[in-house]
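This report concerns only the one structure given below.
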Amino acid sequence: MNKPKTITVMQFAMNLGTTIIGVGLLAFPRITAQHAGTGAPLATLFGVLLMLGCALMLSYLGHQYPNMTLFEYSDKLLGRWLGRIVTLALVLYFLELEAMAAREFGEVVVTSVLQRTPLEITILIMLVLAATAARNDVTVFSRILTFYMPFVYIPVLVLIALTLRSARLTNILPIISFGYQTNVSNYVYAILFVACLFQNYMITGLLTPYMYQTNKAWKGALIGVVAAGAVYLILDVATLAVFGTEEMKNLIWPTLELAKTAAIPLFFLERLDPVFLAVWVTAVFTAIFASYYFSIQGLVHLFNFQDHRAFTSLLVPVVFLAAMQPSNIVDVYRMVQWVGLSGLVLTVGIPALLFALHFGTGALKRKQVKRA
Amino acid sequence: MRFRRAAVILITTLVTLFTVTGCWDRIEIEQRATVLGMAIDPPDESDVRGVTGPAARGEGPGFKVTAQIAIPGRIPLGPGGGSGGAASDKPVWVIQATGKTMDDAVSSLQQELAEKIFLGHLRVIIVNQELAKSEAFNDIQDFLRRNAEIRRLAWLLVSTGNAEEAMNSSPKLERVPTLYLVNMMDQSVKLGTLPNVYLGSFWSVLSSRGQTPVLPVISVREDEIRTQGLAIFHHGKMVGTLNRLETSTYMEIQNERRSGYAVAVPRPSDPSHSITVRGTTRSSKRAVHIVGGRPVFDVYSRIDSNIEEKTGDKPFEKPFETGIGKVQDELTAMVAQRQKELIARVQSLGVDIFGFGEYVRATQPAYWARIGNGKQWEEVFKTLQVRVHPRVYIRRSGMSAR
C-alpha cells in the first residue's frame, strides 16, 4: 500500500513531544521520590535517556524500511507468525495503557474538580473523544497532535515559573541520593518508572513511513523525546524544590498540589489549579488518543483491513471495561505501575530485538553474497 | 440515503439533548456557602454533638468550628465600592458547630446551612493554641490535607485566646473581617516582620526530618487582633512561642530578605539614652563542617539598617563617622547575643526551627545517612555547635545630619 508522504521532521518531533506528555505528569514526582529520594531528577534523566535510545532505534529502522510501519517491518524481520504475535501483544498492551491512562484521568477529575460527576462518565467521554478523533487517517492524526503541542507545553512551563518563589535549594540536594537514601533496586525502579511514561514514543513506528525525509527521522525523535524529557525533568525538579522528598510522599498528585501553590498576583486568577487541570486534559487527550490510534493501526494490520474506522468505536467498550477494573485509588496506582513496568518488556524489548535482527540478517545476507 | 441522513440527524439531536443538559457539578454561586475563614477551638462543654455517628473520636474532647461565610452580593467589590450599603448589611455570616472530629464538626456545620459548604476560598484557618499544643492538631491537619478544595496558600495561624473571636471581630477598615486579617498577614510579610509561612510551607517543613515548622501567632481580644510572633512545634505539637524580637532573630538566621524590626541600643556615650535603628534588608549564609565526626555550623548574617530615633539632647556620637561605627559594633554585639540565646533556647527544646538538619541532609549526605537518615538528628541538634557571625551596618540616618 502506498503511503502519502506528508509529515515533516519538525512535525514528527512535535508529535512525539506532545504524545509522551500524558496523565503520568501528576503522580510521577511522588513515585520517583518514593524510590529515589532527592536523586529523583537524576533518575528521571536516566529514564529519558533510555527511552531516547529506543526512539532512535525505531527511527533508524524507519529509515531502513522507509515505506513500512513498525508492524510491517516486524513481519518482515520476525516472520509472519512471530510478527503477528508481536503486533497482537503491542495492540493489547497499548489498549491496556490507554485504559489505565483514562482511569487515572478519571480519578484525578473526580477527586479534585468534578466531585459529583460519576467516574464512568469522565472516562467514557474521554474514550469516545479519542475514538472519534481516531477515525482520521495518519496525516490528520499527526496534525491533531501537532496542533495541541503548545497547549501542552506552555501551561506547564508557566506553572513552574509561578511556583519557583516557594522553591528551596536544599530540597533538591543531594543530587546523587544513591547509597544514602536509596538502594540499587529502588533507584532502578525509579528509572524504569520514568521510562514507562515515555512508552507512547512507539508511534514513531507508525509515523516514519509517512515522512518526507525518513533519513532525518532520528533528528525528530531526538528533539521530541528531549523536549518531553525536559518537561518531566523540570517538573520533577520544581516539585522537589517546593515540597521536598518527605512532603512529596504525602501528596497523591504533587503536580496538582504545585498548581495549588501557584498564585498570579491578579485577583480573578488567584486559583490556578482549575486552569492547570483544564489544560492538562489536553495532554491526557493527546496521549490517550495516540495510544488508541496505535492499537487500531496494529489491529488493521493484523486483520489486513483496508479501513481502520470499523475498529474505532468497537474497542471503546473493551477499553472502558479494562479501565473500570481497579476497585480503588490504591489499586489504580498498583496497576498503573505494574502495567507500565511490565510493558517495558514490549516497548524496550521489541525495538531492541528488531534492531538486532536487522543487523543480524543484514550480516547474514552479506555473508551469503560473499560465499556465492 | 435520505433515511440515513434523517437517522444521523435524529441520533445527533438525541445524543446532544441528553449530554448537553448541563454539568453534573454545576452549582450556582448562590447555592454554595463560601467559607472565607475558619476558627477552630476546643469545645466549651464536654457534651459535644456530632453527626457522623457515635464512633467518631479523636484526640481530646473534639472541636468547635466557627466559620465565616461570605454572603453573595454583599461583598464589596474593589476599594470604596458599596458605600451605599447600610451598615447593618454585614457581608459575612458567622456560624458555629461542634463535633468529635473535624469532619464531624464540619458536617454538623453543613446541617445549619441550606447551601453546600465550599472551602475553595478559605483564606485563613485559626487554631486555638490549646488545640495546637495537643495531639488534636494532627487530626486538624489530616482533614485539611485530604480536602481537595483547600488551597496551600491559605494562612494557618495560632491564636492565644479564643480563635472564634477573630471571626466575630469587626475591623473598621475592611468590611470582611477575614480579608482584613489576610491583608494584615500579607503586609507583615512585606514589612519584614513575619516570615512567609503559609499552610503549604508549614506542611512541607512538618514532614521534613531536618526542620521543624513555625506558624504565626495572633492574639485576639474583642476587636483587637495583633500579630505576636511565631509558634514553634515539636513532633507536630506546639511547644512554645517566639516573641517579636526572637522572631526577628529567627528571620535573620533564616535569610529572610525583608527586615522590618526596630531595635534600640544604649548610646555608647550616654547609656541612659538610646538609639533606635530599623533593619531594611538582611541576608544570611550558613556553612557546615564536619569536625571530629560532628557537624559544626557557621552562620554569617548581615543586616542593613537606618537610624530612626535617638533620645537625649546630645548630638549623635562624635565624630559622626566613627560614631556610626561604635553604634554598629554595639548593635552587632547585641544581635550576636540574641542569636546565641535563641539558638540555645530552641536547642534545649530540641526543635530545629532553622533547618540546620535539612542543610546537613543536603550537603553532608554521608553524615546524614550515618545518623539513620535523620532519625537521630534531634539528639545531634541539642548539642550542635553553632557559631554566629552577624554584622549590622547602619546605612542612613534619616533626614537629620546630627
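Residue numbers start from 1 in every chain, and the chains themselves are labelled A, B, ... in the order their sequence lines are given, proteins ahead of strands. Keep in mind that the numbers below use all heavy atoms, side chains included, and drop hydrogens, waters and symmetry copies.
Rounding to the nearest 0.5 Å gives a distance of 6.5 Å between CZ of B:Arg361 and CG of A:Asn171. Of the inter-residue distances, the one linking A:Ile252 atom CD1 with B:Arg146 atom CZ reads 9.5 Å to the nearest 0.5 angstrom. Interatomic distance, OG1 of A:Thr245 versus CZ of B:Arg209, reported as 8.0 Å (0.5 Å rounding).
Residues B:Ala148 and A:Ser112 come closest through the heavy atom pair CB-CA, 3.9 Å. Minimum interatomic distance between B:Ala362 and A:Thr170 (heavy atoms only, all atoms of both residues): CB-O, 3.5 Å.
For A:Ile121, the part lying under 4.5 angstrom from a heavy atom of chain B is the side chain only. At a 4.5 Å heavy-atom cutoff, B:Asn196 makes no contact with chain A through either its backbone or its side chain. Using a 4.5 Å cut-off between heavy atoms, B:Arg370 makes no contact with chain A at all. Only the side chain of A:Leu251 comes within less than 4.5 Å of a heavy atom in chain B; its backbone stays farther off.
No side-chain heavy atom of A:Val242 sits less than 4.5 Å from a side-chain heavy atom of B:Arg152. Between B:Val205 and A:Glu247, every side-chain heavy-atom pair lies at or beyond the 4.5 Å cut-off.
Other residues, nucleotides and ligands contribute more than 12 heavy atoms inside 6.0 Å of the CZ atom of B:Phe202.
Interface check for chain B: of the options A:Lys249, A:Glu246, A:Glu257, the most heavy-atom pairs under 4.5 Å are formed by A:Glu246.
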